[in-house]
Chemist: 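Structure incoming, see below.
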2 protein chains.
Amino acid sequence: MVSNSDNSNEQEDFPQEINGLRMTRQRREVYRSLMAKRVHPTAQDVFLDVKDKLPQISLATVYNCLEALTQHGIIRQVHFDRESCRYCPNLHEHGHFHDQSTGKILDVAFKPGIRLEDFLDLPPGTTVSNIEFTLRGTIVTH
Amino acid sequence: MVSNSDNSNEQEDFPQEINGLRMTRQRREVYRSLMAKRVHPTAQDVFLDVKDKLPQISLATVYNCLEALTQHGIIRQVHFDRESCRYCPNLHEHGHFHDQSTGKILDVAFKPGIRLEDFLDLPPGTTVSNIEFTLRGTIVTH
DNA sequence: TCAGAAATCAAGAATGATTCTTATTTTTAT
DNA sequence: ATAAAAATAAGAATCATTCTTGATTTCTGA
Ligand SMILES: [Mn+2]
Ligand SMILES: [Mn+2]
Ligand SMILES: [Zn+2]
Ligand SMILES: [Zn+2]
């Protein structure tokens with residue numbers, strides 16, 4: 001690893017720590033990229049984007065950062081079949097709509113107050129700790 | 001490939017073709033394995049199971065069969081994060097509940113008559129062609 | 001019936017996303 | 001300031017899946 005004398009962690013307008021996870025420069029830029037664009041990027045997408053700010057960052061570190069942020073509940077992984085994982089900074093309960101014409105991925109919220117038992121035939125005794133909901137299709141604009 | 005003089009496709013009690021897909025011995029045994037067990041196996045699981053009946057079958061052929069069956073709408077792929085794909089012969093609209101204690105995967109149906117707009121805030125103009133949802137959790141038996 | 005043509009299969013190589021390993025650097029705690 | 005802990009960069013390893021190739025089987029149409 002090449003020494004980087006300008007690698008301090010000091011940063012205005014940004015917490016030094018989130019959910020008990022120390023915000024290093026790499027983690028902060030990864031998180032910032034997700035928050036700024038909100039396009040559900042892959043690790044590779046994030047890597048390319050963050051390289052503008054931290055040219056020496058490695059793809060492995062981007063994976064490490066995304067994993068750390070995920071484990072601390074700061075971001076979420078999103079899966080579409082077996083494609084590369086995507087990442088989402090929206091922590092509200094939501095699913096994803098994949099527009100097959102544009103490739104865009106949109107957040108889809110549940111109706112307020114709705115519960116799983118309202119629309120699913122769950123086996124009795126079920127305790128659900130995690131939901132992943134994916135839709136595919138198209139959107140016609142007027 | 002070793003020649004197999006007993007490789008005929010004749011079989012009682014089974015159609016020679018489903019949805020326009022010719023049922024070769026390999027495809028039939030793969031499909032039979034899925035229908036008999038209904039445990040959402042991986043390709044590797046199917047491979048091990050079908051080898052009892054067709055000892056010379058290859059993993060590549062199991063993948064080919066699963067792909068062909070999927071493309072012809074005879075079975076469905078099921079995804080859990082980036083784990084190995086699993087396969088499901090239940091063609092009704094349904095999602096999956098992954099019991100984290102037992103590892104078992106259960107089919108979960110929608111309540112009859114429910115529509116997406118009843119529980120999701122879909123963007124206007126949305127046409128949904130495919131739904132995939134996955135739940136994780138535990139089941140307590142009385 | 002029989003000779004292509006087309007489809008399928010087996011085996012192993014290639015691919016690609018992700019994880020792992022290791023040496024180095026940075027941060028934290030004393 | 002020093003030692004321990006945590007984080008990073010670089011590249012190797014892993015693993016599910018796809019691809020390639022040559023053999024085999026099935027189909028089609030004289
Ligand atoms: Mn950029
Ligand atoms: Mn078996
Ligand atoms: Zn999202
Ligand atoms: Zn199923």
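Chain letters run A, B, ... following the sequence lines, proteins first and then strands; every chain starts at 1.
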Chemist: Can you tell me how far P of C/dA17 sits from CZ of A/Phe47, to the nearest Å?
Modeler: 13 Å
Chemist: Take the protein atom CZ of B/Arg27 and the nucleotide atom C1' of C/dC9, then report the distance between them rounded to whole Å.
Modeler: 10 Å
Chemist: Hey, is the side chain of A/Thr61 poking within less than 4.0 Å of OP1 or OP2 on D/dA9, counting only N and O atoms?
Modeler: yes
Chemist: Using a cut-off of 6.0 Å, state whether more than 12 heavy atoms not belonging to A/Arg115 lie near its atom CZ.
Modeler: no
Chemist: One thing to verify: whether B/Glu29 and B/Lys53 come together as a salt bridge, which I'm taking to mean a side-chain N less than 4.0 angstrom from a carboxylate O.
Modeler: yes
Chemist: Expressed as a whole number of angstroms, how long is the span from A/Asn64:CG to D/dG11:C1'?
Modeler: 13 Å
Chemist: Under 4.0 Å between a side-chain N or O of A/Thr24 and OP1 or OP2 of D/dT8?
Modeler: yes
Chemist: For atom NZ of B/Lys111, decide whether the heavy atoms of other residues, nucleotides or ligands shown that lie under 6.0 angstrom number more than 12.
Modeler: yes
Chemist: May I have the distance from B/Glu67 (atom CD) to D/dT18 (atom P), rounded to whole angstrom?
Modeler: 6 Å
Chemist: Applying side chain to side chain donor-acceptor pair (under 3.5 Å), run through B/Gln77 and B/His79 and close with a yes or a no.
Modeler: CA-CA 7 Å; B/Gln77 280 193 336; B/His79 304 98; 3.2 Å; yes
Chemist: Choosing from C/dC9, C/dA11, D/dA10, which nucleotide comes nearest the side chain of B/Cys65?
Modeler: C/dC9
Chemist: NZ of A/Lys51 versus C1' of D/dT8: gap in Å, rounded?
Modeler: 16 Å
Chemist: Expected output is a numbered-order residue list: members of residues 76-86 of chain B with a heavy atom under 4.0 Å from any atom of DNA chain D. What is it?
Modeler: B/Ser84, B/Cys85
Chemist: For the hydrophobic clusters of this structure (ILVMFWY residues joined by side-chain heavy atoms under 4.5 Å, transitively), does one cluster hold both B/Val78 and B/Val108?
Modeler: no
Chemist: What integer distance in Å separates A/Gln16:CD from C/dT26:C1'?
Modeler: 14 Å
Chemist: Rounded off to whole Å, could you give me the OH-to-P distance for the A/Tyr63 and C/dT18 pair?
Modeler: 4 Å
Chemist: Look at the side-chain N and O atoms of B/Gln26 and state whether any lies under 4.0 Å from the OP1 or OP2 oxygen of C/dA10.
Modeler: yes
Chemist: Look at the aromatic rings of A/Phe133 and B/Phe133 and report parallel, tilted or perpendicular, splitting at 30° and 60°.
Modeler: parallel
Chemist: Taking it one step at a time, do B/His94 and B/Arg76 satisfy side chain to side chain donor-acceptor pair (under 3.5 Å)?
Modeler: CA-CA 11 Å; B/His94 71 284; B/Arg76 291 178 43 186; 3.3 Å; yes
Chemist: For B/Leu66 and D/dA16, what is the distance between atoms CG and P respectively, to the nearest whole Å?
Modeler: 15 Å
Chemist: Report yes or no: does B/Arg82 contribute a side-chain atom to a donor-acceptor pair with the main-chain N or O of A/Glu83 at less than 3.5 Å?
Modeler: yes
Chemist: To the nearest 10°, let me know how far the axis at one end of the helix from C/dT1-D/dA30 to C/dT30-D/dA1 is tilted from the axis at the other, five pairs an end.
Modeler: 30°
Chemist: Can you tell me how far apart OG1 (A/Thr126) and CG (B/Leu135) are? Round to the nearest 0.5 Å.
Modeler: 8.5 Å
Chemist: Looking only at side-chain N and O atoms, does A/Arg22 come under 4.0 Å of OP1 or OP2 in C/dT28?
Modeler: yes
